[in-house]
There are 2 protein chains.
Amino acid sequence: MSAELPIVDASAAPCCPPVTAAALSEADAERMAAMFKALSDPVRLRLFSRVASHAGGEACVCDIQDVGVSQPTVSHHLKKLREAGLLTSERRGTWVYYRVAPGPLAAMAGLLTATR
Amino acid sequence: MSAELPIVDASAAPCCPPVTAAALSEADAERMAAMFKALSDPVRLRLFSRVASHAGGEACVCDIQDVGVSQPTVSHHLKKLREAGLLTSERRGTWVYYRVAPGPLAAMAGLLTATR
DNA sequence: GCGCTGCATTGACGCTCGTCGATACAGCCG
DNA sequence: CGGCTGTATCGACGAGCGTCAATGCAGCGC
């Protein structure tokens with residue numbers, strides 16, 4: 001596959017008020033579920049948290065890849081997180097750096113934040 | 001699997017500071033991933049949002065079951081949400097009422113809330 | 001150019017998941 | 001009691017996922 005499938009458009013509408021405020025439409029549920037799915041695997045969640053908490057807001061793959069699975073598997077999971085719109089990647093010389101996409105993260109947090 | 005597997009203990013430690021603050025341990029990642037997994041299906045996410053946004057903070061299955069899948073499938077998804085600790089259920093006469101468990105919801109929101 | 005390191009892709013395998021129809025169970029009502 | 005409605009469980013099937021070893025590709029240094 002060539003083009004990075006844009007499962008979640010990072011520049012899309014904020015989408016979702018708190019889940020306690022109104023029921024989700026079918027389309028919104030589909031989009032949000034895709035993001036939750038990206039974090040539904042322990043290995044992926046750890047990779048995500050390592051990028052998010054890394055100094056400077058970005059991390060090279062080599063900094064975070066020690067999570068107990070093979071290197072191809074790490075690469076596979078990072079791709080999933082990219083496709084979900086939760087991470088962005090940039091190649092700088094030999095290394096590839098990942099950072100968190102703030103928009104989708106805020107959308108998920110907003111959805112889960114109780115109004116009361 | 002017979003007994004209700006307590007994938008996530010509702011009364012467990014708050015578990016997680018924002019994901020931008022520190023990397024998750026393997027155990028915490030496992031627990032949090034289980035919650036995200038529960039919301040990673042569009043049908044489940046819609047059921048959850050319908051319960052969360054329903055008047056009175058609770059909903060009868062009959063109020064929310066029109067999501068385009070069969071009744072057994074709805075029941076199956078509600079069970080998954082229960083097992084993940086995100087919903088609680090109570091039988092009152094003929095009907096079963098579901099409501100959101102505030103603790104786990106807050107844990108997820110807290111994890112995703114950016115510190116900056 | 002050549003070899004080496006960092007990361008991505010491919011292809012295969014086993015397991016889990018979402019879905020359904022059929023069926024079972026619980027509580028109300030006549 | 002007998003029938004009816006609301007909800008849960010069972011068993012089966014196909015699709016998708018996580019994992020790996022093998023391979024490919026890009027960039028650096030000698």
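Below, chain A is the first sequence line, B the second, and so on; all start at residue 1.
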State plainly whether the residues A:Arg92 and A:Glu58 are in salt-bridge range, i.e. N to O under 4.0 Å. yes

In short, A:Leu86 meets A:Ala38 closest at the heavy-atom pair CD1-CB, 3.8 Å

B:Ile64 side chain near B:Leu78 side chain, heavy-atom distance below 4.5 Å: yes

Dump every N/O contact between nucleotides 25-30 of chain D and the protein below 3.5 Å, one line per pair.
none

CG of A:Asp66 versus C1' of C:dG6: gap in Å, rounded? 15 Å

Atom pair distance, as rounded to whole Å: CG in B:Asp63 and C1' in D:dG6: 12 Å

Verify side-chain contact (heavy atoms from CB on, under 4.5 Å) between B:Leu47 and B:Tyr98, making sure each step is shown before the conclusion. CA-CA 10 Å; B:Leu47 287 171; B:Tyr98 282 80; over 6 Å; no

Intermediate values then yes/no, side-chain contact (heavy atoms from CB on, under 4.5 Å), B:Thr20 and A:Ser53: CA-CA 4 Å; B:Thr20 49; A:Ser53 64; 6.0 Å; no

B:Tyr98 vs D:dG6: side-chain N/O to OP1/OP2 distance below 4.0 Å: no

Using a 4.0 Å heavy-atom cut-off, write out nucleotides 11-21 of chain C from 5' to 3' as B (base contacted by protein), S (sugar-phosphate only) or - (no contact). ------SSBBB

Whole angstroms only, please: what is the CG-P distance between A:Leu78 and C:dT9? 11 Å

Touch class at under 4.0 angstrom, heavy-atom based, for A:Tyr97 against every strand present: nothing

Whole-Å distance, B:Arg82 CZ to D:dT7 C1', equals 10 Å

In this structure, how many angstroms lie between the P atom of C:dT5 and the CH2 atom of A:Trp95, rounded? 13 Å

